[in-house]
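To keep things clear, I will list the structure first and then write my remarks on it.
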Amino acid sequence: MERENANDGIHLDESFVERLLGNDAVGMILEEGEAFRALMTYYRCAIMEVETKFNVLNKEFSLTYDRNPIQTIKSRLKSPESIIEKLQRKNLPFSAAVIEEELNDIAGVRVVCAFADDIYLLSDYLLGQDDITLLKKKDYIENPKENGYRSLHLIVQTPIYLHNEKRMMKVEVQLRTIAMDFWASLEHRIYYKKGQNNARLRAELRECAEVSALLDMRMQAIRGELDE
């Protein structure tokens, strides 16, 4: 979830829209342009709010426990093309109001930790803050996906404060270990380019996911011994 440039996620590619939805939809989408750009700005602000919360927690851990549970924080704003494609799959019209109401993953923050225990610790601390509301939780660490994918997913609401109002915005938070993030990044690169119809490769990737999970458990055990 790398941070995008300031103008990314704002510009609507009219030629793409025409190819995907046809000429009749272009006018409607252009009419939503101003509201859409404003909404994307609000999502960017929400990303900043969540990133700040995790950075503060990381600083506090460093001060109190002399260690940093967070290795990296990455963020991304879903592109207009991806938003339109998702609305089309859900048979929903393109409008800022529909996007805000129906889609949960426009704004994303990914937190990469060294140890699996830190994932749940950070999740608890985030959800314990009185301005964070949990909307949905999916634990793919306790219950991995069929392909071996592991991560903790949270859909949260956080307030952003504008000059004349407070808005509650949704952000998807993913928490992973370094090993989980490494596996997911390579699996996406390999599988979606070359492996979708390759059963042997899918099985190999699942086995790699199990090895990665075992590595996390062994490293967690080593840290436990050192802490004792």
Please verify the inter-ring angle class for H153 with Y149; under 30° counts as parallel, over 60° as perpendicular, anything in between as tilted.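 Judged by the thresholds at 30° and 60°, the geometry between H153 and Y149 is perpendicular.
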In this structure, which one of L121, L127, L126 forms a side chain to side chain contact (heavy atoms under 4.5 Å, CB included) with S123?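 Single side chain to side chain contact (heavy atoms under 4.5 Å, CB included) partner of S123 among L121, L127, L126: L127.
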Gap separating the [atom1] atom of [X] from the [atom2] atom of [Y], nearest 0.5 angstrom:
X: Y65; Y: E60; atom1: OH; atom2: CD; result: 7.5 Å
X: I47; Y: K74; atom1: CD1; atom2: NZ; result: 14.5 Å
X: I70; Y: I119; atom1: CD1; atom2: CD1; result: 11.0 Å
X: N147; Y: H188; atom1: CG; atom2: NE2; result: 12.0 Å
X: I73; Y: N55; atom1: CD1; atom2: CG; result: 4.0 Å
X: I160; Y: E49; atom1: CD1; atom2: CD; result: 8.0 Å

Quick one: hydrophobic cluster around I178, which other residues, with the 4.5 Å side-chain cut-off, linked directly or via members?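 Direct or chained contacts put I178 with V112.
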Please list, chain by chain and in numerical order, all residues satisfying side-chain contact (heavy atoms from CB on, under 4.5 Å) with [X], sequence neighbours excluded.
X: K86; result: K78, R89, K90, L103, D105
X: V56; result: T52
X: E102; result: L92, V98
X: E142; result: Y120, D139

Transitive ILVMFWY side-chain link [X] to [Y], under 4.5 Å:
X: V50; Y: F61; result: yes
X: I132; Y: Y161; result: no
X: W183; Y: F115; result: no
X: L134; Y: I141; result: yes
X: L87; Y: Y43; result: yes

Sidechain-backbone polar pair: Q174 side chain, S151 backbone, donor-acceptor under 3.5 Å: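 Not confirmed, Q174 side chain does not pair with S151 backbone.
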Side-chain (K170) to main-chain (A107) donor-acceptor, under 3.5 angstrom: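 Not confirmed, K170 side chain does not pair with A107 backbone.
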Can you confirm whether [X] sits close enough to [Y] that some side-chain heavy atom of one is under 4.5 Å from a side-chain heavy atom of the other?
X: S75; Y: E51; answer: yes
X: D227; Y: R223; answer: yes
X: Y42; Y: L162; answer: yes
X: I106; Y: M40; answer: yes
X: F54; Y: N58; answer: no
X: I155; Y: K138; answer: no
X: R76; Y: E172; answer: yes

Can you confirm whether more than 12 heavy atoms, excluding those of [X], are under 6.0 Å from its [atom1] atom?
X: K145; atom1: NZ; result: yes
X: E225; atom1: CD; result: no
X: N91; atom1: CG; result: no

Atom of A96, atom of L39 and distance for their closest heavy-atom approach: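 Closest heavy-atom pair between A96 and L39: O-CD2, 3.4 Å.
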Quick check: closest heavy atoms across R176 and A184, and the distance to 0.1 Å?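 It is NH1-CB, 3.5 Å.
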What I want to find out is whether R67 reaches D118 closely enough, with some N-O distance under 4.0 Å, to be called a salt bridge.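 Counted as a salt bridge, because a side-chain N and a carboxylate O are separated by less than 4.0 Å.
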Between K53 and D131, does at least one N-O distance fall below 4.0 Å, as a salt bridge requires?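 Salt bridge between K53 and D131, a charged N being under 4.0 Å from a carboxylate O: yes.
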Steps toward side chain to side chain contact (heavy atoms under 4.5 Å, CB included) verdict (Q129, L57): CA-CA 11 Å; Q129 298 185 17; L57 287 172; 4.3 Å; yes
Sequence neighbours left out, cut at 3.5 Å: what donor-acceptor pairs do the side chains of residues 204-219 make with other protein atoms?
| from | atom 1 | to | atom 2 | distance (Å) |
| --- | --- | --- | --- | --- |
| E210 | OE2 | R150 | NH2 | 3.3 |
| S212 | OG | A179 | O | 3.4 |
| D216 | OD1 | T177 | OG1 | 3.3 |
| D216 | OD2 | T177 | OG1 | 2.7 |

